[in-house]
Structure formats: C-alpha cells, structure tokens
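Below is one structure, written out as structure tokens; the observations come after it.
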There are 2 protein chains.
Amino acid sequence: MLQTPSRLFPDMSSRSVCTLRAALRLFNEKGYFSTSVHEIVAEAGVSVGFAYHHFSDKKGMAQALFGHLLAGMGDLLDAIEHEYETAQDRCSAVIRMLFDLTENEPDAMGFIIHARHREFLPAEKSICSTDAFVRMRRFVAEGIERGEIEPMDGVVAGAMVYGSAIRMVCLRLDGLVPEPLHTYFDSLWQRTWASVQAGQSARVG
Amino acid sequence: MLQTPSRLFPDMSSRSVCTLRAALRLFNEKGYFSTSVHEIVAEAGVSVGFAYHHFSDKKGMAQALFGHLLAGMGDLLDAIEHEYETAQDRCSAVIRMLFDLTENEPDAMGFIIHARHREFLPAEKSICSTDAFVRMRRFVAEGIERGEIEPMDGVVAGAMVYGSAIRMVCLRLDGLVPEPLHTYFDSLWQRTWASVQAGQSARVG
DNA sequence: GTCTATATACTGATAGAC
DNA sequence: GTCTATCAGTATATAGAC
C-alpha cells in the first residue's frame, strides 16, 4: 500500500488505483499467469472481496490497467500534438516521451511494449493497432504529406522513424543498456531523422 | 500429425519433432499458459505418456523448442558469416534472413521475437542476450572496428541497423503489414545503411 | 461496501498395465 | 517405450456474514 504517486498513477489514495499498480508491478515481474489475485491483493493491501467488487475478474484488472495506461499515453500525445507543429518536432518528442517513460515507469512501459496481451486479453486489439500507436504513425504520415519526409511507403517510414528507438527501449528494459536512454537520444535521433528527411537522402550506388 | 517439413523442422517423421511443432503453433496462437499439454498432444497426435517420456515436463518442451529454434538461427548465422565478408553484406543478409523466416515460419519467428520467455523459462536468458542476437550485434561492432560504419556507441549502432527491420517483423506478425516483407527490403535497407555508413553522414544543423 | 472462508474446475504430472 | 486412467495441487470466483 506504500506507493509513491507518478505521472501515470497520480492518485495513490484510491485503493483501486493501488490495486492496479500492484497488479502492474507483479504482471511485469512474473507475468500475468504466474501472478495470483491473492498476491495482487496482498501487495496492494486490500482483500479479495474488494478486488472482485471493483473489477469483474482478473482479466478485468488487466483490461482496466491496459486502458489506464493507453489513456495516459493518449494524454501525452495530445500534449505533444498541441505543443509542436512539424513532424520532426513531434516525432522527436514522441521518442523522448518513450525514453522518459522507460526510465521513470519501467513497469508501465514493459506492460505496454512487450506484454502479449492477446494471451490474456483476446478481445483487445494488438498493441500496435492501438489508438496511441496509430497516432504516432500518423505524425509520420503527415510529415510525408507536407514534404518534410521523403515519399516512401508508410509502413517503412514508421519503422524507420520509431524502430531503432523502440529497440533501445526493449534492450533497456531487458537490462542490456547501461546508461539512461536520454544519453543516447541525440546520436540516435540525428541519424534517424537524416535517414528519412526530404532532400537529404544520401543515395548510394 | 499431418505437418509439412520446413527449414527449421526438416524431420517431421519424428514424433517428438511433431510434438514440438504442435507446441510451437499453440504457444504462438494462445500463449504458453493458455495451452494445456492435453491440447498439445492432441494436435501432435501423440499420447500424454509419450510427451512426458520424451520431455521432462511442459517447461521442458518450451526449453527444447527454444533451444531448437536458436540453434537453427545459429546455423543460419554461420552460413551468413561464412558467405559474406563485410558488415554491410552480413547485416543485410541477417535482415533478409529475418524477413524470410517471418514469412515462411511465422510461428517460429513469433516465438523467438515476442514470447516473454522469462514468464515460463525464468532460468533462460532474455532473448536479446542470446548467442544469436549477440552475434548479430557483433557483425555491427566489427563494422565499426573496420571503419565501414561510423564510430558510435555500440548499442545505438545495433539499434540503428536492426531496429527498423525488427519493427517491420513485429508489425507483419501482428497483421499490420499488407505485403510480404521482401517487398520493403530495398527501401528499408538503403536508408538504414546510409544512416550508419562511414563517410556518408548527412549532418544536419 | 468490505471481509473471510469455501467450492469448483482445471491442469500438470504420475502410476501402473501392456 | 507407449498408453489410459487417475491423483493432487492450485487458483479463480463466489457465498454469505458483518
């Protein structure tokens, strides 16, 4: 029950939020199926009855968590869309946001990025089809429309812009990256943007 | 029991190989925990007794599968290392190999790429620490040493070279990429290589 | 609304015949 | 070596008291 508030879980006085956060930590540490509801309620400091009164079932907890985290990402994307105009600024802000989240809320990032939700939330769409990820790709598509980014297939453009950053996130979550991600941001983003920017293509043979 | 042979499972006359392949398909479709051994043996056309005689337990099946697939990737990397000399050729061959595997053995690729092995194989190292992935990154590191690739942090270099390709693989496995991956290879690799190649950096502002 | 104690269902693993 | 039938452990979900 002793949990500190954070950007994604500001209201830690609510016991259902505590329950969700306990579930998040345990899901990330041991996985959804290896975590029993008894462990979740023990870590959250609530009773089984409380949990089942507030959530339909264990799957319902995962669903609530999934929705909560994606809504949080949606808010962050709103802020980015509002603050920046160009694809270059927006995409780089998205990557900084992902890096920031990875450092400050690794459990949340882990749950979003590599939980195989289809295993326990078969009804849910794949994470990549999610509103948040679609919006991230739209930033890229708009960059192509406006001539900021070289014309190319949308799928390739999305992978070029976000692929290496997402790779860094995964490696960092797996403990294979020694320094905080922002250490690598400049080097990564400069090369990434140069590789898609209109009029800069260094065509080779 | 009616399964066709493939590059990774050439000997489909062996019933243990059939069992592994049935497990692979089901693990990929529904996840490790949502798949019971009864389902596996039913799909493979063998009995429970057979399975437990040949594998220590359910976890043992997953371990055998993991080892089998990684050994297969190791062989493919051997071939690449033997056939090509430069980092450029080797890395591009690796990506073509990943694309090829994704198209021809999507279950195997899915199991390798996004199964959270730590959930059911806690002893196993994370997929990214695996020999195969370490060798992939070594191709990049050697490219830096030889001056083929611009000097930069090894982690960044690895993410730049393989990140967008792995992203395409994930999106393709999730059904979000309409065409076979080789369709996108040229466009992707040309930009990717240009973004790390020594002496080609289009430094911006 | 919240709790404890309980039941039901399932699944991984084994025992023992052949 | 291979099979079938069975066991034992566990975890989700509920029932009913407060």
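Within every chain, numbering begins at 1; the chains are lettered A, B, ... in the order of the sequence lines, protein sequences first and strands thereafter.
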Task: Test applied, side chain to side chain contact (heavy atoms under 4.5 Å, CB included); reference residue, A/T102; option that passes from A/R172, A/M168, A/H182 - done: A/R172
Measure from [atom1] on [X] to [atom2] on [N] and round the result to the nearest Å.
{"X": "B/D57", "N": "C/dA13", "atom1": "CG", "atom2": "P", "value": "5 Å"}
{"X": "A/Y52", "N": "D/dA13", "atom1": "OH", "atom2": "P", "value": "4 Å"}
{"X": "A/K59", "N": "D/dA13", "atom1": "NZ", "atom2": "C1'", "value": "13 Å"}
{"X": "B/Y32", "N": "C/dT11", "atom1": "OH", "atom2": "P", "value": "13 Å"}
{"X": "A/F55", "N": "D/dT14", "atom1": "CZ", "atom2": "P", "value": "16 Å"}
{"X": "B/H38", "N": "C/dA13", "atom1": "NE2", "atom2": "C1'", "value": "9 Å"}
{"X": "A/I40", "N": "D/dA13", "atom1": "CD1", "atom2": "C1'", "value": "14 Å"}
{"X": "B/F33", "N": "D/dT10", "atom1": "CZ", "atom2": "P", "value": "15 Å"}

Task: Salt-bridge contact A/R135-A/D78 (side-chain N to carboxylate O under 4.0 Å) - done: yes
- [ ] Would you mind checking if A/K125 and B/D174 are paired as a salt bridge, meaning a charged N to carboxylate O distance below 4.0 Å?
- [x] no
Given [options], the nucleotide with the shortest approach to the side chain of [X]:
{"X": "B/V48", "options": "C/dT2, C/dT14, D/dC3", "answer": "C/dT14"}
{"X": "A/S36", "options": "C/dG12, D/dA11, D/dT4", "answer": "D/dA11"}
{"X": "B/S47", "options": "C/dT2, C/dT14, D/dT2", "answer": "D/dT2"}
{"X": "B/H53", "options": "D/dG1, C/dC3, D/dC3", "answer": "D/dG1"}

Open item on the list: By nearest heavy atom, map B/K58 and B/G49 onto DNA chain C; which one lands nearer the 5' end?
Closed with: B/K58
- [ ] Return yes if a side-chain donor-acceptor contact under 3.5 Å exists between A/S195 and A/R191, otherwise no.
- [x] no
- [ ] Considering just the side-chain nitrogens and oxygens of A/R15, establish if one lies under 4.0 Å of OP1 or OP2 belonging to C/dG1.
- [x] no
Open item on the list: Within the 4.0 Å heavy-atom criterion, would you say A/S34 contacts the bases, only the backbone, or no part of the nucleic acid?
Closed with: nothing
Open item on the list: Pick the closest DNA chain D nucleotide for A/S56 and for A/E39 by heavy atoms, then say which residue is nearer the 5' end.
Closed with: A/E39
Open item on the list: Below 30° counts as parallel, above 60° as perpendicular, anything between as tilted: where do the rings of A/H68 and A/F9 land?
Closed with: parallel
